[in-house]
Every structure is written in structure tokens, then in C-alpha cells.
Amino acid sequence: MSAVVTFLGAVGAGMANEYGRRLNEAVGGMVARVAGREVTAPAGQADREAVARVLVAEARRDPGQARLLGSLMSGLPDDRTAEGPAPRSLRAPGGFFTDRREALTLLRKEATRKADGRPRVAVVFGLPGYGSSELAAFFGAKEAALYPDGTLYADLRGASAGTAPTASVLLRDFLLKLHVAPDRVPPATEDRAERLRALLGARRLLVVLDHAQSAAQVRPLITGAPGVFTIVVAARPLTGLDAVPVPVGPLKDRDARLLLGKLVSKQALTAARATLPAVLERCAGSPFALRAIAPQLAVPGPGSVRAVGPGSVPAPVPGSGASAGTGSDSGSGAAGEPNPVRSVTEELYRQLPPEQARLYRTAALRPWPALTAAAVAASAAVSEREAAQGLAELAERRLLEELPDGRYRFRPAIRAHAVEAATREDGLARCAAAVARAVDHYVRFAVRADFAALRERPHVDPLFDELGPGEYEDEGAALTALTAELGNVVESVLAAEEFGDFGAACRGTEALWAVQLKAGRHEAVLPALRAGVRAAEQRFPGTEMAGRMHTQLAFALMETPSGYDEAERELEAAADAEERAGHLRGQATVIESLGLLRLRQWRFAPALASFDVAGRLLDGIAATDRDARHLPRARALLERHRGRALRGLGRFAPARQRLAVALEFFRAPGTAEPYNEARVLTDQAETEYAAGDHATALRQVEEAAAILRGQQATAHLDYLDMIRRECLAGRA
């Protein structure tokens, strides 16, 4: 009983890939045949125990059923990770590090205390610009010998309000860095956390969680593994987190002078001795401010270092996200406290040439996760060459950070200053126009990349046909490019919605389908999908576009059992929109999607009914309709799904007939799709295996495997290998 309950839990947790979904469907069919009735997929421990009792009772009664259950249980993919180097995702510290002896002592004490079952956790906190993140990086480099199994780093700040990475997204990232294959990452947050704990149990590893906002955000990422030390970096102590507090305040005057002495020559410091006290006062012990002002000390002459007054702080640009820059991200202290980051940034900004200053202001108008020359050029209406040169110069002046991939980003406090300057000097209308140009750039990029990554999909927005697919080497290259810019594309959708450009919001959302379907980045695109639904209901209610937006959101929600109820509601809204639009193919797609949801729930009879309804809707499309050219493929897919539902119901003969029709289409000249051909062959092998014809199933397995070996379909090949083993055992 215990083993079967555990197996059922693992099946539900493993639906992140083709293997997991197929195994779940096969188990559902077995349960229905054993119980003699429909049994909904278990949603919790009590449900799993009830299903297990049925399976164990039948296995005790029927040796054949016992063998089948054993075969499926042995088919679970193991949890071993691929071989690979220890993760080293924590950045290297800066070239000079000064003081922080007390903080380093506190960190080492917690890192090396005797293991007693309590998680080793420290919270390093201090205002931005005072070096909290730098302290964590320095500790990781200094104490690297304590962590032979590597370091894991996560930046917990979001691009804008509501887009901070969730625990589920961060857990996925950690599992990937620990060499778990993408299609072996469990879909549910709790299962990801359990897998991470298992992987870290015997490792000596440092985890750094940077820019944390709350205890709730980091708690799922903390483990009690004796060899793991977690450093949480925040702007303030985190209430509710049991951790050693490590405050990081301003450098003492002596240490500030020492840092400047490392950054500039002794001669330069001597020449600047008259202004040095004012510089130290303005920098207020902030390592960032000292590093930023140091080049000014190295250039002698009048005006090289100027006093800066507080100035006025105008309201931020609507939709800029600058209001979210207050508090932990702004670099501001409490009322009356010095703000050295703001002061030094203003000084550096005043020294910029006019065109570079405009580039600085324009690039900051949205909290883009990463800045590229192409996007900034579009936003500022300059050439890409000018933008590339300007970004490099801003980084040299420490107004931007350069990322390892050659892109750039703002520190939140500096971006807040840039938005203030843009509001003051450019006005709302010009700021809004610049954001619109950036949104247009990202949407057009996403449309072309999505089209190239998934050419056979019908599109709703006419921009797809207008632009056509982008020029990429192949579909994989297009998907890679789109995934690399995913954060910016999501942000462009949110910006379009905020500025009332609902058409652009929907276009950008539609262009995320390949990332959902092929890259599995369902959680990362959820903010955009929800924005797309809201935009469609504002601008396109009761239309094909509204139907598409609701359907895309539903597919993302279907990835975890906890999202099934909301997914069903979204599909109902999609069906209503498609019906009001009189769009039969759209209605058929939505009803087909509902059937796919039913398959995941082991509700095979309702799934078959949904596929039949979808088929009747397709039959109503006239030969002259614009969707008529998509009908043969749509019908072939429906035949495949019908075959799957019939197999789940134990109706093997009609299942064979439906699958044979689908196979004929996907292997015929002119309509051949090798991947879908292999999927249907796998469906046929599953059907024959369940029906007891192991010889035929084995032949179909080999046909499918021969197709897939050249397509890097690892999870699918693993599943075929499981069927192959069981067929050979059955024949023996």
C-alpha cells in the first residue's frame, strides 16, 4: 500500500513532460479498467490511498494485474541528475573590499556552527549602496573551501510590481543548476521543494538569495541540510524568519578613505585633499558612492567634484514602476537621513553629454529586466550603434551594470533617479511615446520569433502574416532567442496594458505560445497571460482574440493539478467568446482543450464526449471558410485524442481505428509531421500493450524511437524504452 500510494503521488508530480503525462494517462486507464468505472485522478493523500486500495486488492486477486501494476511502477523515471560541474552561479566580488570584519565573523560563525538540525541561515541587511550583496559575494569567494559542491544564487527582485519570481520559479532554476533535466522538474511547488531538499541533503553548498522582500518569499528555498548555508540579502531584517541578523551600515571614515586609496592613486588623493572631507560626507560611507565618485577624484581641476544639493523630486511617470522604487529598492533612507546613492547619481548625471543623458532617461522608463542596444535604440529613436556606445559609456560611469551576457540593467535606486529626470526634463507625452516604441520593438520581435518557432499554428493577429517568421537557422534557434528575451517581452505586455494599448498587449501575449508549448516556461509567462486576458476583455470582448487569450492562459494553468479548476473556467470563457464571434474552429479548439484537461483528470468518457463535440464543430466549417485549410490537420489531431480516450475506457478496437487514421495523415507526403507521427505510434504501442499484444507494441515502439532519435526528444525516448522493457518481459 505504501509503495503504491507513493507511486501515485510521483505520477501526479511528474506531469512536466511527455513521459509524465503519458504515464499518468496509462495509470488512469488501468485504474478505470480495474475499478470498472471512472475514477478521477487523485488530488490529495486521501484520494491516493483510496485508489491504492483498489489497485492492491485487484493485484492480490489477479497475478496478471499485479505484473501490470509492477511494470508501471518500475517505469517511473529515476531521480538521478545528469553529471555536471558543481554550480557556481554566485558572481565574483569586486576588486577591492574594505572592512566588514564584524559581519564576516558573524557569517562564518553561523556557517561553521555544529549541525543540530536547524537550518543555517543569515540575513544580511542594509540600504542599497552600502554593499550587502557585495558582502555575500565576498564571503562566498573567501570561504569557497567550505563549499566544494558549489554555490546557488537567485535574484529575488522583480522587473516591476507583481513580477518578482515566485518560489516555484526559483526552485525550478535551482533544480536546473543542479543538473535536473528541464522535463524532469516537477510541476508543483511542493514537489520541487522536496526534490531540492533531497538533492541538497548530502551536499556542502552555499545559497545566496539576493534582494529578498519578505520571509514568505525565501522560506520554501531554505533547507535544513547540514552542509548548506543560506545567506538572505535584504534591505531590512525579515520578520518571521529564524536567521542570524548581519547588519551592513556605512563604512567608517577611516575605511572609506582606505577604499578610495585603493581606487585612485596617492597623488590624486593628495591633490584632492581640500575637497576630500566634502566628498566623504556626501558619500556617507556608501561603497557604491565612493566607487562611483573615485574617477572624479582622479581628474584634477576645478569642478571635477561638485557639491550637489537635494533638488526637487517630481512624481514618477505613470506605468514606469518608479513608485515601486521606494523603500527597499530605492536607496532612500528614512526622512532626514543622507542618500548618498541619489546624491552621487545626480552628480554623475549632470556630467553626461545631452544625448547620453537622454539615452539614460529613456532606457529607465520601464523596469526592463535587461537592456539591449536594439531595444534602447528603438525607445530613444537613435541608431543601434549609438545606443550600444551610449550603454557602454553609462556602464563605465557606473550608471548601469553590465550583465554576463553583454546586456545591461539599472540598479533600482539609479533607475528611480533616471525616471525622476525623465519626468522633469522630457514630460509625460514624450516618455509615453518612448515606452510605446520599446513595446512595439519587443512585440514585433516576439511575433517573428514565435512564428519561426511554431510555423504550423494558425494566428489571430494580422501582424503575424504581415511580418512573417523571423530569419533563424531553425525552429530551435528561434525558440532560444525568444526565451532569452522572455522577461522583456512579458514586461512589454504589462506596459502595453498599463498604457491602454490593448491590441499590443494581446499581440505580445499571442507571441508567447511557442515558449509555453515548447520551452515549458508556463510560470514565467503567467503575468503576461493574465494581462492578455484583461486586455482582450477590455478591447476585444466576445471575439476570436478573447478566445485565444483565455485558451492560452488555460493551457498554462493546466500544467499543475492545482490549476485545473481555474483552467476549466478560462476554457468556458474562451468557448463563450469564440461562440459569440461565430468562430467554429476556435470553438472546436477550446472544446478539444477541455477534453485534454479531462484526460489528465482520468475522466475518459467526458474527454471523448468533448472530442466528439469538437469534431462536429469542425464539420460545420464551410470549404470556403478561411479556416478550411487547417481542417485536415485539426481532424487528425482529434482522431489521435479520441484514440487516447477510447484506450482509457478499455475500448481497444475503436481506439486502433482512430489512431490509424491519425497516423495516415501525419506520415502522408505533403502533410507529414515526424514528431506527431512518433506520438501516434507511441499511442498505438500503448494501446497494444494494454490489450496484451506485446509483439505489435514492440514493433511500434521501434518505429517511433527511430523517428525521435534525431530530434533530441529525451523524455519521449525514455518512455518508449519503458514500454520496450515491459513488452520484452511480457513476451518472455
Side-chain angles (χ1 to χ4, degrees), residues 94-99 126-134 235 248-253 255-264 268-269 272-314 322 325-326 328-334 336-353 356-357 359-361 363-364 391 393-402 408-422 424-425:
F96 302 111
F97 190 84
T98 307
D99 192 27
L127 291 174
Y130 284 102
S132 301
S133 298
E134 186 71 10
V248 177
L251 293 174
K252 297 175 182 176
D253 192 67
D255 292 306
R257 289 175 180 269
L258 184 60
L259 178 57
L260 283 176
K262 294 177 180 179
L263 296 170
V264 301
L269 277 182
R273 61 181 178 273
T275 58
L276 194 56
V279 169
L280 292 173
E281 182 180 2
R282 187 180 313 128
C283 292
S286 163
F288 168 79
L290 290 163
R291 289 172 182 273
I293 207 71
Q296 311 301 316
L297 292 173
V299 181
S304 60
V305 179
R306 301 187 297 247
V308 178
S312 59
V313 181
T326 59
S328 63
D329 282 344
S330 70
S332 302
E337 291 184 2
N339 187 341
V341 175
R342 173 68 171 77
S343 173
V344 170
T345 300
E346 175 68 16
E347 179 163 340
L348 295 174
Y349 172 67
R350 290 185 180 184
Q351 298 172 17
L352 294 175
Q356 201 173 106
L359 199 74
Y360 165 79
R361 299 192 302 271
L391 290 171
E393 291 174 355
L394 290 171
E396 188 174 336
R397 293 173 181 265
R398 291 187 170 271
L399 291 172
L400 286 177
E401 295 178 284
E402 185 170 5
Y408 301 88
R409 72 177 177 187
F410 279 99
R411 291 173 178 266
I414 296 178
R415 181 179 163 263
H417 170 271
V419 172
E420 293 169 7
R424 180 176 64 242
E425 299 178 36

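Every value quoted in this text rests on a predicted model; they were computed, and no experiment measured them. The first residue of the sequence shown is numbered 1, and numbering continues consecutively from there.
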inquiry  = Restricting to salt bridge (charged side-chain N to carboxylate O under 4.0 Å, His left out), what partner residues turn up for E402, sequence neighbours left out?
reply    = none
ask   = What's the shortest heavy-atom distance between A294 and V264, and which atoms?
value = O-CG1, 3.3 Å
key: Heavy-atom closest contact (V344 atom, A292 atom, distance)   = CG1-CB, 3.7 Å
key: Step-by-step side-chain contact (heavy atoms from CB on, under 4.5 Å) determination, E393 to L352   = CA-CA 10 Å; E393 291 174 355; L352 294 175; over 6 Å; no
Worked verdict on R342 versus E346 for salt bridge (charged side-chain N to carboxylate O under 4.0 Å, His left out) = CA-CA 6 Å; R342 173 68 171 77; E346 175 68 16; 3.6 Å; yes
L290 to A256 - nearest heavy-atom pair and separation = CD1-CB, 3.8 Å
query = For N339, does its backbone N or O pair with a side-chain atom of S343 as donor and acceptor, under 3.5 Å?
reply = no
inquiry  = Looking at every non-hydrogen atom in both residues, tell me the closest pair between V248 and G131 and how far apart they are.
reply    = CG1-C, 4.3 Å
request  = Hey, could you give me the CZ/CZ distance between R361 and R424, rounded to the nearest 0.5 Å?
outcome  = 8.5 Å
task = Let me see the working for I293 and F288 under side-chain contact (heavy atoms from CB on, under 4.5 Å), right down to the final yes or no.
result = CA-CA 9 Å; I293 207 71; F288 168 79; over 6 Å; no
query = So how far is it from T345 OG1 to I414 CD1, rounded to the nearest 0.5 Å?
reply = 4.5 Å
inquiry  = Test side-chain contact (heavy atoms from CB on, under 4.5 Å) on V341 and L127; report intermediate values, then the result.
reply    = CA-CA 10 Å; V341 175; L127 291 174; over 6 Å; no
query = Looking at A418 and F410, what are the two nearest heavy atoms and their distance?
reply = CB-CE2, 4.4 Å
task = Report the distance from atom CZ of R257 to atom CG of L280, rounding to the nearest 0.5 Å.
result = 5.0 Å
inquiry  = How long is the straight-line distance from CZ of R291 back to SG of C283, given to the nearest 0.5 Å?
reply    = 12.0 Å
ask   = Between atom CG of L400 and atom CG of L394, what is the distance when rounded to the nearest 0.5 Å?
value = 5.0 Å
key: S286 side chain vs G129 backbone, donor-acceptor pair below 3.5 Å   = yes
L258 side chain near L251 side chain, heavy-atom distance below 4.5 Å = no
Mutual orientation of the aromatic rings belonging to Y360 and H417 [parallel < 30°, tilted 30-60°, perpendicular > 60°] = tilted
For Y408, all residues meeting ring-ring contact (aromatic ring centres under 6.0 Å, His included), sequence neighbours excluded = none
request  = Sequence neighbours left out, what passes side chain to side chain donor-acceptor pair (under 3.5 Å) with R409? Give chain and number order.
outcome  = D155, E401
request  = Please indicate whether K252 has more than 12 foreign heavy atoms, meaning atoms of other residues, nucleotides or ligands, lying under 6.0 Å from its NZ.
outcome  = no
inquiry  = Just verifying a value: how many Å separate Y349 OH and E425 CD, rounded to the nearest 0.5 Å?
reply    = 3.0 Å
